[in-house]
**Q** 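This is the structure I have questions about; it appears just below.
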Amino acid sequence: MSLLPDPSELEAAAAVVYRSVQPTPQYAWPLLAQRLGTEVWVKHENHLPVGAFKLRGGLVYFAALRRREPELRGVIAATRGNHGQSVAYAAGLHGFSATIVVPHGNSREKNAAMRMLGAELIENGEDFQAAVEHAARLAQERGLHRVPSFHRDLVRGVATLWLELFRAVSELDVVLVPIGLGSNICAAAAARAASGARARIVGVVSDQATAYAQSFAARRLIESPVSTRLADGLACRTPDAAALSIIWEVVDDIVQVSEAEVAAAMRAYFSDTHNVAEGAAAAALAGALKIADCLRGKRVGLPLTGGNVDRELFADVLSQPGG
């Protein structure tokens, strides 16, 4: 089996996704183009029901899981928030109970959203990797199916956003993609291959969560501590080996952005488009602004992957100067 889903797999995934949600829009915002100095298209995944792109992967994963294991009753997953909302939402559609493990200090509003979607929420560990390890233990103890954060079916679902963008905007020269555990950037590569697009793919990570950037440069898996506050969706300490094997082959470069650059991009999105972008979602714009000189004259695609940021944190970001 190929590492990346083929076009027929992506079309089948799209059929599943569109039973529940509509395609999201992509807009070329004039003020963002002025700020970046080139044509830029924003893919608005913040318009999905859970406010983030992860829902697409969850819908496809759970449709396949129900077919494979018709007697299964419960699932468990670890998350910083958007994956967990996707799991809770899609699990409910297919009659599964959902248990979600988050690290201590996780977003209060994301936690509340997961509870309202019917999930049992458990706080354990100081970072995402610790939550993953606790979820694995609970899966064994409770006989639950553990939903990973990277899986071929998740990639298939997320790839539908990129198919929409590549088909809607011809001849994109480059897309910038935030990297959490890797489903989004691998999905971009799958859709690029399926659609015949030629855009360069540039990953973006927080400079306080550099495991994927270090692993990309060294061509081997490297763990790295995380300390990012704003870009919590990028707070990966241990890369996924399967995701890395794809990233090494299809990604052109990885850019690191600071907390200040992420905050400035969050302010820019709000000022220029009046859309709320959580830190991880603003990272792609932050990366584009960082390499703006290299993007002059290019047609650029940015996924606004989610808008799930706590009110107090967003208010603090907006109150800061710059951006």
Side-chain angles (χ1 to χ4, degrees), residues 1-26 43-45 47-73 75 77 79 82-96 98 117 145-170 172 175 177 179-199 201 240 242-243 245-247 249-251 301 303 305-306:
M1 181 182 290
S2 170
L3 290 175
L4 287 174
D6 63 32
S8 65
E9 291 178 277
L10 299 192
E11 293 301 335
V16 172
V17 170
Y18 299 145
R19 286 201 294 266
S20 297
V21 300
Q22 295 297 309
T24 59
Q26 46 278 315
K43 182 63 169 167
H44 283 281
E45 294 299 284
H47 292 184
L48 285 170
V50 302
F53 79 103
K54 292 281 190 180
L55 180 60
R56 295 174 184 263
L59 291 170
V60 172
Y61 185 93
F62 278 98
L65 180 63
R66 178 52 81 194
R67 289 194 301 272
R68 289 195 304 268
E69 301 186 43
E71 302 304 316
L72 185 68
R73 290 293 174 260
V75 302
T79 187
N82 289 337
H83 177 58
Q85 288 185 71
S86 167
V87 166
Y89 185 105
L93 288 180
H94 292 279
F96 297 113
L117 288 167
H145 172 90
R146 186 162 70 92
V147 183
S149 295
F150 184 88
H151 187 276
R152 188 184 184 86
D153 288 337
L154 298 175
V155 172
R156 288 173 56 219
V158 174
T160 60
L161 87 85
W162 292 103
L163 283 178
E164 291 168 15
L165 180 59
F166 288 138
R167 289 169 176 171
V169 184
S170 62
L172 281 169
V175 295
V177 190
I179 303 176
L181 209 60
S183 64
N184 199 5
I185 199 162
C186 293
R192 180 179 64 177
S195 66
R198 298 181 179 179
I201 297 176
D240 183 272
S245 66
I246 295 170
I247 288 169
E249 298 301 319
V250 301
V251 172
T305 52

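For clarity, every value in this text was computed on a predicted model and none was experimentally measured.
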**Q** In Å and rounded to the nearest 0.5 Å, what is the CG to OG distance from Asn82 to Ser149?
**A** 11.0 Å
**Q** Could you tell me which residues satisfy side chain to side chain contact (heavy atoms under 4.5 Å, CB included) with Thr24, sequence neighbours excluded, listed by chain and number?
**A**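 Per chain and number, Thr24 pairs via side chain to side chain contact (heavy atoms under 4.5 Å, CB included) with Lys43, Glu45, Leu48, Arg56, Glu164.
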**Q** Taking all non-hydrogen atoms of both residues into account, name the closest pair between Leu59 and Ala90 and its distance.
**A**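 Minimum heavy-atom contact is N-CB, 4.0 Å.
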**Q** Test Phe96 against Arg66 for side chain to side chain contact (heavy atoms under 4.5 Å, CB included), laying out the working first.
**A** CA-CA 9 Å; Phe96 297 113; Arg66 178 52 81 194; 3.3 Å; yes
**Q** With side chain to side chain contact (heavy atoms under 4.5 Å, CB included) as the test, would you mind laying out the steps for Gln26 and Val169 before giving the verdict?
**A** CA-CA 8 Å; Gln26 46 278 315; Val169 184; 4.2 Å; yes
**Q** Do the side chains of Gln85 and Leu117 get nearer than 4.5 Å, heavy atoms only?
**A**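 Of all side-chain heavy-atom pairs linking Gln85 with Leu117, at least one is under 4.5 Å.
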**Q** With a 4.0 Å cut-off on N to O distance, would you call Arg156 and Asp6 a salt bridge?
**A**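 No, no charged N to carboxylate O under 4.0 Å.
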**Q** For the atom pair CG (Leu161) and CG (Leu55), what is the distance rounded to the nearest 0.5 Å?
**A**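 That separation rounds to 11.5 Å.
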**Q** For Leu4 versus Glu9, what's the shortest heavy-atom pair and its separation?
**A** O-OE1, 4.4 Å
**Q** Are the side chain of His83 and the backbone of Pro148 linked by a donor-acceptor contact shorter than 3.5 Å?
**A**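 Flag set: sc His83 to bb Pro148 pair under 3.5 Å.
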**Q** Could you tell me whether Arg73 atom CZ has more than 12 heavy atoms of other residues or ligands within 6.0 Å of it?
**A** yes
**Q** Looking at every heavy atom in both Gly58 and Leu154, which two are closest together, and how far apart are they?
**A**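 In terms of heavy atoms, the two residues are closest at N-CD2, 4.0 Å.
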**Q** Output all residues satisfying ring pair (Phe, Tyr, Trp, His ring centres under 6.0 Å) with His151, sequence neighbours left out; order by chain, then residue number.
**A** Tyr61
**Q** Looking at every non-hydrogen atom in both residues, tell me the closest pair between Val60 and Asp153 and how far apart they are.
**A**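 Taking Val60 first and Asp153 second, the nearest heavy atoms are CG1-O, 3.5 Å.
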**Q** Please tabulate, for the side chains in residues 182-194, all donor-acceptor contacts under 3.5 angstrom to protein atoms that are two or more places apart in sequence or on a different chain.
**A**
residue, atom, partner, partner atom, Å
Asn184, OD1, Trp162, NE1, 2.8
Arg192, NH1, Ala199, O, 2.8
Arg192, NH2, Val250, O, 3.2

**Q** How far does CZ of Phe62 sit from CG of Leu72, to the nearest 0.5 angstrom?
**A**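 If we round to the nearest 0.5 Å, Phe62:CZ and Leu72:CG are 9.0 Å apart.
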**Q** Got Tyr89 and Pro49 here, is their nearest side-chain heavy-atom distance under 4.5 Å?
**A** yes
**Q** Fit a plane to each ring of His44 and His47, take the angle between them on a 0 to 90° scale, and name the class: parallel (under 30°), tilted (30 to 60°) or perpendicular (over 60°).
**A** parallel
**Q** Looking at every non-hydrogen atom in both residues, tell me the closest pair between Val175 and Phe166 and how far apart they are.
**A**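 For Val175 versus Phe166, the nearest heavy atoms are CG1-CE2, 4.0 Å.
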**Q** Please round to the nearest 0.5 Å and tell me the distance separating atom OG1 of Thr79 and atom CG of Leu181.
**A** 10.5 Å
**Q** Any non-hydrogen side-chain atom of Leu163 less than 4.5 Å from a side-chain atom of Arg167?
**A** yes
**Q** Ser20 and Leu93: which non-hydrogen atoms are nearest, and at how many Å?
**A**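 The answer is OG-CD1, 3.8 Å.
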